[in-house]
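See structure below.
So that the names make sense, note that chain A is the first sequence line, chain B the second, and so on, each numbered from 1.
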There are 4 protein chains.
Amino acid sequence: MAAQKSAQSAPSVQSAPDSTRRSERSRRAIYDAALALVAEVGYPRTTIEGIAARAGVGKQTIYRWWPSKADVLMEAFLDLAEQAAQEAGQEPYVIPDTGDLEADLKAVLRLTVDQLKDPRFAAPSRALAAEGLVNEQLGREYVAKLLEPSLQLYVDRLRSAQEAGQVRPDLDPRIALELFVSPLAQRWLQHTGPISYEYTDTLVDYALHGLAPR
Amino acid sequence: MAAQKSAQSAPSVQSAPDSTRRSERSRRAIYDAALALVAEVGYPRTTIEGIAARAGVGKQTIYRWWPSKADVLMEAFLDLAEQAAQEAGQEPYVIPDTGDLEADLKAVLRLTVDQLKDPRFAAPSRALAAEGLVNEQLGREYVAKLLEPSLQLYVDRLRSAQEAGQVRPDLDPRIALELFVSPLAQRWLQHTGPISYEYTDTLVDYALHGLAPR
Amino acid sequence: MAAQKSAQSAPSVQSAPDSTRRSERSRRAIYDAALALVAEVGYPRTTIEGIAARAGVGKQTIYRWWPSKADVLMEAFLDLAEQAAQEAGQEPYVIPDTGDLEADLKAVLRLTVDQLKDPRFAAPSRALAAEGLVNEQLGREYVAKLLEPSLQLYVDRLRSAQEAGQVRPDLDPRIALELFVSPLAQRWLQHTGPISYEYTDTLVDYALHGLAPR
Amino acid sequence: MAAQKSAQSAPSVQSAPDSTRRSERSRRAIYDAALALVAEVGYPRTTIEGIAARAGVGKQTIYRWWPSKADVLMEAFLDLAEQAAQEAGQEPYVIPDTGDLEADLKAVLRLTVDQLKDPRFAAPSRALAAEGLVNEQLGREYVAKLLEPSLQLYVDRLRSAQEAGQVRPDLDPRIALELFVSPLAQRWLQHTGPISYEYTDTLVDYALHGLAPR
DNA sequence: ACCTAAGCGAGACGGTACGTCCGGTCTTCGA
DNA sequence: TCGAAGACCGGACGTACCGTCTCGCTTAGGT
């Protein structure tokens, strides 16, 4: 008779925040501040306090929704990627399938080169990768949310080529794609060498036709 | 034979400490403490204060000789590698040249797999790589001191194979080696896939003979 | 007789809440929670959030009706005192007037001693006194609502004694009462000494007959 | 043989700071800042961060040496009192003994009135008293270090008067002094009435000769 | 008997201060 | 004169509350 709570479906482990009441305004401001700071002062000198101050937000608002600086940046970056995709209108991030595997791979890798050189993406992406090396949990998230979806596109394209008889029938596409993707990734991440269209073209050439003489 | 620092006549800039009076005891203790801590609690939670305390050393003794946590770990790791090499006696970590390029590459990559799985090396090495992504200066040092020497061995072996007509005459060895080295590196660093002898064997196979059908 | 607020025609400043629709239930719960918390964890660790949570009440419900933690406690305490008075039925807390001033004062001070030792009253009362020292506005309210009414009773009794020729004709009763009331108050508030019937009896003795030999 | 710590005389519960290496400079700056802030913004709005900032000191330097804000202020105030005593050259804080008890008490109480009205002393002293009401441990310290020494002077003076036959032979001086000291204290602390020479003179008069007619 | 406007529980929000940890510098003392 | 010890200033950490602000949801009165 008195106020009776029908707590039926309310497991609510421990004061989980109510995401329906979350401030969209604050979230956007935090994303923007996080990305801006990482770009300006680098990841290690980006602090939660700094993000909060720049976003005009209380620190608790960050701690309420994210467990760590790395997770903030991860979501911010995912959001950025999503936005960029939407801005680009149609979906540009698919590997073309003109029937000519070599040309298609070279084309998409040239696009990737452009993207890796875009400073908007470079700083946060490298920061996340770095943190992911050392923070296993974040690393797996990075791989699952950012890396694997892209790699899957290569798998698909290679399978299509396989059906068309353009690559070995026994090929493992998940390994095969690493022959041209991993070198580019390593050069970019570890500064082990310059990145250019010529370089990626060469990678595709070597990978498809092999290092041995024909 | 190895880089030998003639520290005698290197006063360096500003109030250089007199390295002739440096305590060998302290240096060893600091190396050991740094490696142990990185292995135990991970790189981010390894602190200079912690290293100093564990090594039974004043903080200043660390700051006097190294500019940063990363540099301590870098030297500690280089020292570890050197020690390991000496312990192993000969086996000077070169790539065998039996005349069969494919067999030689598979063999050396299998050794690399073993090394990457050695927990003594894994933690500090990954930590240094991570820090190197974000700290450009350290990154270059990491590449120059740890990565490039190894890669150069592949360059040499590939050139030898080139002279023997086992690889394309126009091949750029510095790029070619990345086809099998970078995939392994990426899987290890970013946990993007499992590492095994079978995997590296496959990499060498694909790289040498190409993805396209013969 | 007591201060009766004719709240009807008092729109007061800025968005005054409509006190006719106030929840009696919440008020009681807040009083209880406030007194309980002060008794359990002490005044400084009693928080508005804590009171609200314990009372099962929104924070805003507290802020709507009280300007500060101290005011909540003040009202809660006044309510407690009022309730206690009503429970006690009559015994309207006046000083007896048997004609024997010394006996009457000793009797009423013994009652006061009992009251000061009642733990229900001690914690909140001391807390309010403390806050009053530092918060001038609250201090005046504390004095006006809690202290002065009691002191006035002594003034009245002393005047009656004056008319009966039992105290000096030129006596200022407002000062005179302090000779036995203030020492007791100070011992209680500042723990400067033990409190007992013997002590208050002595105070009355000294105050009435003086320290000097007769 | 190896580094063997002769921990003989090193009980050292838990990383107790080494007070011989304490910075006198910092201590002074902290005292000054604490007193200034209490005077300017009041005790509740005086924060440890504020003190540290104003003193140009790291927060840790405060936490290293004092357990709480109240303790900082306590020491600062004791230091101030000590300094004031030294500045005054000879020791002024003794109750004169001219043989005329009444005159001596009136004189020293007038001095006390002056002191209570000195704003340098008033703010911190009242703040400490308030905190002491609620924080039992601090309260005892306040009483022991600030109050009791002064009260002891009255005890001594009263005993001297007792030997001279100017007060009752059976008098308990510790209680007797409260007849004129406590009223003054209460008026000052709780704003229960004005403070003046006339008032303290009256108190002494009443206390010595009693409220009853002679 | 409905309608509407308030009080209500809840709790997210921008803030401030907390007390702790560590970075990098500086000072003291013993070997 | 180096090294251990550790105090120092500074600044970020993650937490606790402040007082304000929205959200539905009761819950009166007024019509």
Roughly, in whole Å, what's the span from CD1 in A:Ile51 to C1' in F:dC13? 13 Å
Any side-chain N or O of B:Ser26 less than 4.0 Å from the OP1 or OP2 oxygen of F:dG3? no
Between E:dT20 atom P and D:Ile62 atom CD1, what is the distance in whole Å? 13 Å
Assign each of C:Thr47 and A:Thr46 to its nearest nucleotide of DNA chain F by heavy atoms, then name whichever residue's nucleotide is nearer the 5' end. A:Thr46
Could you check how far CG of C:Asp18 sits from C1' of E:dT4, rounded to whole Å? 14 Å
Report yes or no: does B:Thr46 contribute a side-chain atom to a donor-acceptor pair with the main-chain N or O of B:Gly42 at less than 3.5 Å? yes
May I have the distance from D:Leu37 (atom CG) to E:dT16 (atom P), rounded to whole angstrom? 16 Å
Is C:Thr20 near enough to F:dA28 that one of its side-chain N or O atoms lies under 4.0 angstrom from OP1 or OP2? no
Is the backbone of A:Tyr43 close enough, under 3.5 Å, to the side chain of A:Lys69 for a donor and an acceptor to pair up by distance? yes
Find which nucleotide of DNA chain E each of A:Lys59 and D:Gln60 is nearest to by heavy atoms, and output the residue with the more 5' nucleotide. A:Lys59
Work out which heavy atom in D:Leu37 is nearest to a heavy atom in D:Ile51; give both atom names and the distance. CD1-N, 3.6 Å
For a quick test of reading the model: is some side-chain N or O of D:Ser23 closer than 4.0 Å to OP1 or OP2 of F:dA7? no
Nearest-angstrom distance from the residue atom CZ of B:Arg54 to C1' of F:dA4: 19 Å
Give a yes/no answer on whether the side chain of C:Arg64 brings an N or O atom under 4.0 Å of OP1 or OP2 in E:dC8. yes
On DNA chain E, nearest-nucleotide positions of D:Glu49 versus B:Lys69: which is more 5'? D:Glu49
Do D:Arg21 and F:dA5 share a donor-acceptor pair, side chain to base, under 3.5 Å? yes
Tell me the interatomic distance from A:Ile30, atom CD1, to E:dG15, atom C1', rounded to whole angstroms. 14 Å
Indicate whether OP1 or OP2 belonging to F:dG3 is found under 4.0 Å from a side-chain N or O atom of B:Trp65. yes
On DNA chain F, check which nucleotide each of D:Glu24 and C:Tyr63 is closest to and give me the residue with the more 5' one. D:Glu24
Give the rounded distance in Å between these two atoms: CD1 of B:Ile48 and P of F:dA5. 17 Å
Looking at B:Trp66, does any N or O in its side chain come under 4.0 Å of the phosphate oxygens OP1/OP2 on E:dG23? no
Please report the distance, rounded to the nearest Å, between CZ in C:Arg25 and C1' in F:dT26. 13 Å
More than 12 heavy atoms of other groups within 6.0 Å of C:Arg28 CZ: yes
Considering every strand and a 4.0 Å limit on heavy-atom distances, what is the contact class for A:Gly56: base, sugar-phosphate, or nothing? sugar-phosphate
Under a 4.5 Å cut-off applied to non-hydrogen side-chain atoms, are A:Tyr142 and A:Ser125 in contact? yes
